[in-house]
Trainee: 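Attaching a single structure in structure tokens format; questions to follow.
What you are looking at is a predicted structure, and each value in this text was computed from that prediction instead of being measured. For the numbers below, each heavy atom of this structure counts, side chains included, while hydrogens, waters and symmetry mates do not.
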Amino acid sequence: MEKEEITVNKSNEQPSRPTASLTDGTPSENGHHDDLAAPQALFQKLSILDRLLTPAILVCMVVGVVIGEFVPGVQQAFDTVKFYSVSVPIAIGLIVMMWPILTKVKYEALSRILLSRRLWMHMGISMVLNWIIGPLIMLGLAWATLPDLPTYRTGVILVGLARCIAMVMVWNQLAGGDGEYCAILVVVNSVLQIILYSPYAVLFVNVVGHTDQGVHLAYGSVAISVLIYLGIPLLAGVITRFTIIRLKSKEFFDKTFAPRFSPLSFIGLLYTIIVMFAYQGHHIVQNLGPVFRVFVPMILYFVIMWTSAFALVFFLARREFRKGNADNGDFPYELAVVQAFTAGSNNFELAIAVAIAVYGVGSDQALAATIGPLVEVPVLLALTWVAQYLRVRLQWGPPAQCQNVKV
């Protein structure tokens, strides 16, 4: 219990120090240099693969569309072998895409949730944001912006139901969030998605989001999809992580194995996008209007959820300070970052997998879900810059300890 408190308190002490420049680590005189340097510094902190992710996705989308439009017999070739209504080439890509990411989760840290009141409190906040407010907001945005496009709307809703268990760890690290708490939350969300995604999909698509066109989900199909495309890589991630750590060491896993294994996810994502857009090539060309309209609810969702979660934690931090809690230990900046990026991002891999398995790879639903990573990556990368800016500008502790901060 004491070890857990010491670990978290170290994280909480960071905001109370003088604001440091993102480029050289020295205290800022007026904050203006930090504001200008933050975007460049954050970009430099990205690995080469992370920097190339957004342009690579764009290139793969274009390549896929060109292949689908001009190469005859592409869909028939990929449909030669199927597994639970999904072509084997796509199934392989989806599983490979998630496997390396799920090996990075600190499953051994999950037991710590039972030892800290603070973690239970933040876990409760996160569950409300992720499993109640988030899906409802995406449902409302989907209906408000796509009232005449029921199939695309369904794809957007499926994205809103899939809580992020992958890229959130990247955004959290870039923005200076609490890595340990983020890892615990990723584990919990991974388990909850296997349990809740199927009934949630049926509830929000069949019941709450009922359409006259009769587009419905079969509970069994969704459950099988979730178990295959989340359960298999999750199991593989657990086995891989503990096997490597046991045979070698934790240091070897973090410094040697993980950096070499991680690019496999990048390759799997790009491969999957090429294949799916090759399937969708002609469909996309004929429906450019609906494709661009799908951008609207997703961008609004990311911004609304991130802003609401971040503002909530900051409000609670200020309230604790007004009550006389000088160290503001329960709601530091680091946990505001975790809450914001967990609430504001989605597991588009799972949404794509389910949409393909249930509706088919050539469906509007799958196409709408595929737009997810193209929108999420640039929007949430920009929000990491916003988070660092707010770390400087907002007062996260007593005035005497918060130097160079303007409220």
Trainee: How would you list, by chain and number, every residue that makes a side-chain contact (heavy atoms from CB on, under 4.5 Å) with Thr307, sequence neighbours excluded?
Mentor: Val303
Trainee: Identify whether the distance between the nearest side-chain nitrogen and carboxylate oxygen of Arg118 and Asp178 falls below 4.0 Å.
Mentor: no
Trainee: Output all residues satisfying ring pair (Phe, Tyr, Trp, His ring centres under 6.0 Å) with Phe252, sequence neighbours left out; order by chain, then residue number.
Mentor: none
Trainee: Are the side chains of Leu367 and Ser363 in contact, using a 4.5 Å heavy-atom criterion?
Mentor: no
Trainee: With sequence neighbours excluded, give me every side-chain hydrogen bond (donor to acceptor under 3.5 Å, both in side chains) pair touching residues 59-70.
Mentor: Glu69-His282
Trainee: Within the side chain of Arg153, is there an N or O that forms a donor-acceptor pair under 3.5 Å with the backbone of Trp143?
Mentor: no
Trainee: Before giving the answer on side chain to side chain donor-acceptor pair (under 3.5 Å), spell out for Ser262 and Lys104 the whole-Å C-alpha distance, their side-chain angles and the decisive distance to 0.1 Å.
Mentor: CA-CA 9 Å; Ser262 295; Lys104 297 180 181 180; 2.9 Å; yes
Trainee: Indicate the atoms forming the closest heavy-atom contact of Ala368 with Val156, along with that distance.
Mentor: CB-N, 4.2 Å
Trainee: Compute the centroid of each ring, for Tyr197 and then for Tyr200, and state whether the two points are separated by less than 6.0 Å.
Mentor: no
Trainee: Taking C-beta and beyond as the side chain, do Leu146 and Pro297 meet within less than 4.5 Å on heavy atoms?
Mentor: yes
Trainee: Can you measure from CE (Met61) to OG1 (Thr370) and round to the nearest 0.5 angstrom?
Mentor: 8.0 Å
Trainee: Please test Glu376 against Phe302 for side chain to side chain contact (heavy atoms under 4.5 Å, CB included), starting from the C-alpha separation and ending with a verdict.
Mentor: CA-CA 7 Å; Glu376 178 174 329; Phe302 296 142; 3.7 Å; yes
Trainee: Using the rule given for side chain to side chain contact (heavy atoms under 4.5 Å, CB included), can you reason through Met305 versus Phe341, listing the C-alpha separation, both sets of side-chain angles and the distance that settles it, and then say yes or no?
Mentor: CA-CA 9 Å; Met305 287 301 297; Phe341 282 104; over 6 Å; no
Trainee: Do the non-hydrogen side-chain atoms of Tyr271 and Val96 ever get within less than 4.5 Å of each other?
Mentor: no
Trainee: Check whether any side-chain N or O of Asn346 sits under 3.5 Å from a backbone N or O of Val159 as a donor-acceptor pair, and report yes or no.
Mentor: yes
Trainee: Residues two or more places apart in sequence or in another chain: which of them pass side-chain hydrogen bond (donor to acceptor under 3.5 Å, both in side chains) with Asn130?
Mentor: Ser126, Arg163
Trainee: Leu136 versus Phe204: any side-chain heavy-atom pair under 4.5 Å?
Mentor: yes
Trainee: With Phe310, which residues qualify under ring pair (Phe, Tyr, Trp, His ring centres under 6.0 Å), at least two apart?
Mentor: Trp306, Trp396
Trainee: Specify the closest pair of heavy atoms between Asn189 and Met127, including all atoms of both residues, with the distance to one decimal.
Mentor: OD1-CE, 3.9 Å
Trainee: Where do Ala56 and Phe266 come nearest, in terms of heavy atoms and distance?
Mentor: CB-CZ, 4.0 Å
Trainee: Of all the heavy-atom pairs spanning Tyr181 and Met123, show the shortest one and how long it is.
Mentor: OH-N, 3.5 Å
Trainee: Who are the salt bridge (charged side-chain N to carboxylate O under 4.0 Å, His left out) partners of Lys250, not counting sequence neighbours?
Mentor: Asp254
Trainee: Going by ring pair (Phe, Tyr, Trp, His ring centres under 6.0 Å), name the residues that satisfy it together with Phe253, two or more places apart in sequence or in a different chain.
Mentor: Phe257
Trainee: Rounded to the nearest 0.5 Å, how far apart are NZ of Lys255 and CZ of Arg260?
Mentor: 13.5 Å
Trainee: Looking only at heavy atoms, what is the nearest atom pair of Val313 and Pro332, with distance?
Mentor: CG1-O, 4.2 Å
Trainee: Under a 4.5 Å cut-off applied to non-hydrogen side-chain atoms, are Thr145 and Arg293 in contact?
Mentor: no
Trainee: Looking at side-chain heavy atoms only, is the closest gap between Gln193 and Trp131 below 4.5 Å?
Mentor: yes
Trainee: Applying side-chain contact (heavy atoms from CB on, under 4.5 Å), name anything that partners Val65, two or more places apart in sequence or on another chain.
Mentor: Phe277, Ile284, Val285
Trainee: Rounded at 0.5 Å granularity, tell me how far SG in Cys182 sits from CD in Gln339.
Mentor: 10.0 Å
Trainee: Which pairs of donor and acceptor atoms, one on a side chain in residues 233-245, lie under 3.5 Å apart (sequence neighbours left out)?
Mentor:
unit_1	atom_1	unit_2	atom_2	d
Thr240	OG1	Trp99	NE1	3.1
Thr240	OG1	Ala236	O	2.7
Arg241	NE	Val105	O	3.2
Arg241	NE	Glu108	OE1	3.2
Arg241	NH1	Thr103	O	3.1
Arg241	NH2	Glu108	OE2	2.8
Thr243	OG1	Ile239	O	2.6

Trainee: Measuring from atom CG of Leu316 to atom CG of Asp330, what distance do you get when rounded to the nearest 0.5 angstrom?
Mentor: 9.5 Å
Trainee: Quick check for you: to the nearest 0.5 Å, what is the distance between Leu129 atom CG and Thr342 atom OG1?
Mentor: 9.5 Å
Trainee: Can you name the side-chain contact (heavy atoms from CB on, under 4.5 Å) partners of Val62, sequence neighbours left out?
Mentor: Val66
Trainee: For Phe70, what residues pass the ring pair (Phe, Tyr, Trp, His ring centres under 6.0 Å) criterion, not counting sequence neighbours?
Mentor: none
Trainee: How many angstroms lie between atom CD1 of Ile299 and atom CG of Leu141, to the nearest 0.5 angstrom?
Mentor: 11.5 Å
Trainee: side-chain contact (heavy atoms from CB on, under 4.5 Å) with Pro100: which residues, sequence neighbours excluded?
Mentor: Phe261, Leu264, Ser265
Trainee: Nearest heavy-atom pair of Thr272 and Gly93: which atoms, and what distance?
Mentor: OG1-C, 3.1 Å
Trainee: Tell me if a side-chain donor or acceptor on Tyr301 pairs with a main-chain N or O of Ser345 at a distance below 3.5 Å.
Mentor: no
